[in-house]
Amino acid sequence: MQWLWENRDLVFGLSLEHVRLSAIPIIVGLIASIPLGWLANRFRVTRAIQLTLFGILFTIPSLAFFITLPSVLGTKILNPVNVVVALAIYAIAIMVRGAADAFASVPRDVIQSATAVGFSSVSRFWKVELPLAGPVLLANLRVVSVTTVSLLSVGALVGNGALGYLFINGYQRDFPTEVMIGIVFTLIIAVLFDQILVAIGRVLMPWAHGVRGSSRALTVGGAA
Amino acid sequence: MLFAAALAFIFDPANLLGEKGILPRLMDHLLYTGLSLGVALLVGIPIGLIIGHTGKGKNFVIALTGSFRAIPTFGLLLFIILFTGLGLGPLVFVLAILAIPPIIAGAYSGLDAVNRETIDAARAIGMTEWQILGKVEIPLALPLILGGIRSATLQIIATATIAGYVGLTGLGRFLIEGLALHDYTLAFAGAILVAALALVADGILALIQRLVVPHGVSRGMARTTTRSGRRTAPPALTGTPITEG
Amino acid sequence: MIEFRGVSKQFDDGTLAVDDFSLVIPSHKTVVLVGSSGCGKTTLLRMINRMVDPTSGSILIDDEDIAGLEPVKLRRRIGYVMQNSGLLPHRKVIDNVATVPLLEGVPKRDAYARAMELLDTVGLDRSLANRYPSQLSGGQQQRVGVARGLAVDPNILLMDEPFGAVDPIVRADLQQELIRLQQELGKTIVFVTHDIDEAFLLGDEVVILQVGAQIAQQGTPSEILANPTNEFVANFIGVGRGKRRLSVDGSVESNGNDLVLVDSAGHAAGVVDAPGGVIANGDSSPKSRSISNKTDQAGDA
């Protein structure tokens with residue numbers, strides 16, 4: 001506790017950094033996954049290609065990713081962009097599959113009746129398909145959020161782990177308290193993000209109370 | 001450039017054997033993975049099957065998998081090692097802890113997805129609870145059970161990379177040494193090796209998973225889904241193979 | 001003989017599904033329990049093989065209280081057929097039929113041979129033996145379900161709306177098949193349905209149930225049709241709505257042998273044999289009534 005008080009600026013700064021570095025991949029993952037997931041749900045071929053490609057990227061361990069990305073992106077190995085890009089790729093990999101499931105979860109007869117009452121395909125997407133896919137999208141986004149916050153700390157091994165710095169520093173100084181504080185603050189951020197997502201979901205989808213998402217999402221990363 | 005150099009390192013016969021060679025480190029990596037997976041299976045499978053068969057403890061599974069995913073394993077491993085000291089035991093312990101939730105979730109969701117009517121019928125014609133579990137639920141749930149094991153295995157392989165940071169070896173050692181010595185060729189070679197191991201393991205498990213799908217279910221319009229929305233289970237219990245390391 | 005003695009069942013959530021129910025089901029007869037959903041008929045059925053245990057009262061099979069019997073053993077000597085066949089999707093038809101004999105330790109060869117015979121019995125081609133349930137039609141699946149129910153040659157066959165999920169034409173087929181089978185086998189069949197036409201067609205005896213498994217009326221189909229004890233029964237069997245009160249429609253030219261019958265609302269409901277314009281006097285049993293009565297209830301399932 002005393003250590004925390006004495007180092008409050010450091011911990012606070014690292015927490016802000018953690019929020020910043022993990023928020024970007026989550027947002028990128030959501031935005032990219034909507035068109036990709038829609039395509040994957042719509043066309044068999046794109047589905048197969050996407051799921052295979054992201055399945056492979058998804059399987060690559062994160063530290064390996066952090067190290068190999070610089071040579072692909074032309075960045076320096078200590079550049080935080082590497083970590084953010086790697087986490088964004090994971091986020092997209094989880095979300096694309098989730099979004100495809102989300103669009104598939106929209107009942108077919110609802111889509112048909114929307115078409116029948118005269119929605120154009122564009123307005124049907126925005127006013128019917130996307131809102132109804134919302135709950136499953138949200139469920140997957142929550143997984144992405146928690147995973148990203150937790151994974152980011154590994155970036156500390158390549159110089160960009162935000163709170164992960166406390167793990168390495170505490171380990172090298174043989175000081176468990178520091179490691180513990182890193183873990184606790186990582187958990188706090190994960191919970192905070194999750195609560196924010198739930199709150200957003202409640203505001204945007206008041207009808208979906210209690211809807212927990214598809215069972216396909218149960219095995220995210222399981223069956224590819 | 002870097003990529004070519006890394007490949008050259010990997011395929012240089014001089015780097016294959018020897019104390020710091022690829023083969024012994026690969027073997028160590030597989031040893032860590034096998035031990036941790038074994039422990040995780042011993043604990044996780046019975047728990048998952050009990051919860052799935054009785055239907056009691058569903059909320060426990062959800063809470064468990066949700067909260068475990070949030071724990072930064074890298075931090076947890078370092079924390080535990082600071083108390084126990086370096087060694088194989090702490091590593092296996094942490095890796096097993098990491099792997100148990102997806103295994104429980106896979107077994108639970110597999111059993112949960114079996115049609116209630118099928119189970120009801122099995123009971124009605126006089127199967128004992130053990131026979132229902134062994135002859136009906138497990139065969140039908142096998143693909144999802146294996147899905148959980150697959151997730152767990154990949155998480156272990158990925159996270160075992162950290163072993164290289166805490167005085168053990170494994171393929172992660174190349175990464176850590178490379179980073180420490182600013183020898184990025186070495187780090188890159190390590191990254192390729194770990195990624196390749198993960199992909200191969202995933203491929204093998206995917207193949208097995210496909211092979212164990214029971215016949216009557218893969219063909220035609222399988223009626224394994226349950227009625228009345230029992231399948232609207234909470235999302236993403238099994239979790240993701242990507243993790244630390 | 002199956003006997004219910006003052007049986008009640010209260011579920012954990014407090015609902016009283018069965019309230020002081022007593023009934024004797026004679027051997028070698030088909031008794032149909034019929035009632036709307038939620039009247040407790042399925043609960044009654046499931047008490048016979050101890051899938052549900054009564055809260056109070058007792059159930060006897062051939063004067064033996066089943067509460068003292070091991071449920072699994074009891075179930076293995078009672079056939080059970082349910083609505084969606086309940087077949088094991090990962091096992092071939094032949095294995096599904098042979099399930100219980102194999103559990104009982106019958107050698108595989110004998111069990112399979114017997115299963116093959118049973119396929120014949122229920123009117124399925126032997127070539128289907130190596131298919132999986134998902135490769136069969138709904139009607140075929142139900143036949144497999146019946147074959148499985150008969151596999152250990154049980155004295156008692158419990159049938160829980162077995163034909164409820166198939167289309168009307170297939171259902172009619174399966175019903176006729178069951179009548180034929182029962183003439184051959186003479187099992188004690190307890191059949192649950194919400195379809196009164198099905199009940200009258202299949203039942204030697206019909207028990208009409210109200211909420212809480214209260215017996216509204218019990219008797220042969222003709223007894224019930226002739227003398228509905230109360231308004232509820234009359235409505236349930238359709239007499240109250242005039243669907244079963246038929247009269248000859250004089251406005252239609254007969255072809256000389258048949259007369260058209262109409263219900264009390266004037267809708268055509270069937271024809272009756274009338275050689276020379278005279279209705280033949282009914283010496284026929286209820287099951288072979290020459291009046292082919294068609295009501296809209298068959299489509300309710």
Side-chain angles (χ1 to χ4, degrees), chain A residues 55-56 58-68 70-71 77 90 93-94 98 136 139-140 142-143 146-147 149-154 156-158 161 163-164 166-168 170-171 174-176 179-180 182-183 186-187 190-191 194 211-224, chain B residues 1-3 66 69-76 78-79 81-83 102 105-106 109 113 143-144 146-148 150-151 154 157-159 161-162 165-166 172 175-176 178-179 184 187-188 190-192 194-195 198-199 202 206 209 231-245:
Chain A
I56 289 172
F58 192 56
T59 310
I60 297 173
S62 55
L63 188 54
F65 229 142
F66 295 158
I67 289 172
T68 47
S71 69
I77 198 155
Y90 287 141
I94 301 177
V136 181
N140 282 280
R142 291 174 65 188
V143 174
V146 160
T147 313
V149 171
S150 152
L151 263 183
L152 175 60
S153 51
V154 181
L157 285 170
V158 291
L163 286 167
L166 299 179
F167 301 160
I168 294 205
Y171 177 69
D174 200 3
F175 185 48
V179 180
M180 188 34 106
I183 294 176
T186 311
L187 287 176
V191 171
D194 198 53
V211 178
R212 298 298 297 269
S214 76
S215 65
R216 288 292 283 150
L218 269 169
T219 48
V220 164
Chain B
M1 257 302 287
L2 196 55
F3 189 66
R69 189 178 288 126
I71 295 176
T73 321
F74 179 42
L76 183 66
L78 296 186
F79 185 74
I81 282 177
L82 285 180
F83 285 102
S109 57
L144 280 177
L146 268 156
R150 186 175 158 197
S151 280
L154 288 175
I157 289 177
T159 314
T161 328
I162 305 176
Y165 187 74
V166 292
L175 290 165
I176 304 298
L179 285 171
Y184 294 128
F188 203 103
I192 293 173
V194 175
L199 287 172
D202 189 47
Q209 206 180 352
R231 294 210 69 173
T232 51
L237 278 180
T238 316
T240 64
I242 36 159
T243 15
E244 334 266 315

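Here is the naming used below: chain letters follow the sequence lines, and residue numbers restart at 1 for every chain.
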Contacting region of [X] [heavy-atom separation from chain B under 4.5 Å]:
X: A/F65; value: neither
X: A/L166; value: neither
X: A/T186; value: side chain

Can you tell which part of [X] gets under 4.5 Å to a heavy atom of chain A, answering side chain, backbone, both or neither?
X: B/I176; value: side chain
X: B/L78; value: both
X: B/I81; value: side chain
X: B/Y165; value: both

Measuring from [X]:[atom1] to [Y]:[atom2], what's the distance to the nearest 0.5 Å?
X: A/I183; Y: A/S150; atom1: CD1; atom2: OG; answer: 10.0 Å
X: A/I60; Y: A/F66; atom1: CD1; atom2: CZ; answer: 12.0 Å
X: B/I192; Y: B/L199; atom1: CD1; atom2: CG; answer: 12.0 Å

Exam field: side chain A/T147 to backbone A/V143, donor-acceptor pair closer than 3.5 Å: yes
Aromatic centroids of A/F167 and A/Y171 separated by under 6.0 Å: no
Nearest non-hydrogen partners of B/L82 and A/G170, listed with the distance: CD1-O, 4.0 Å
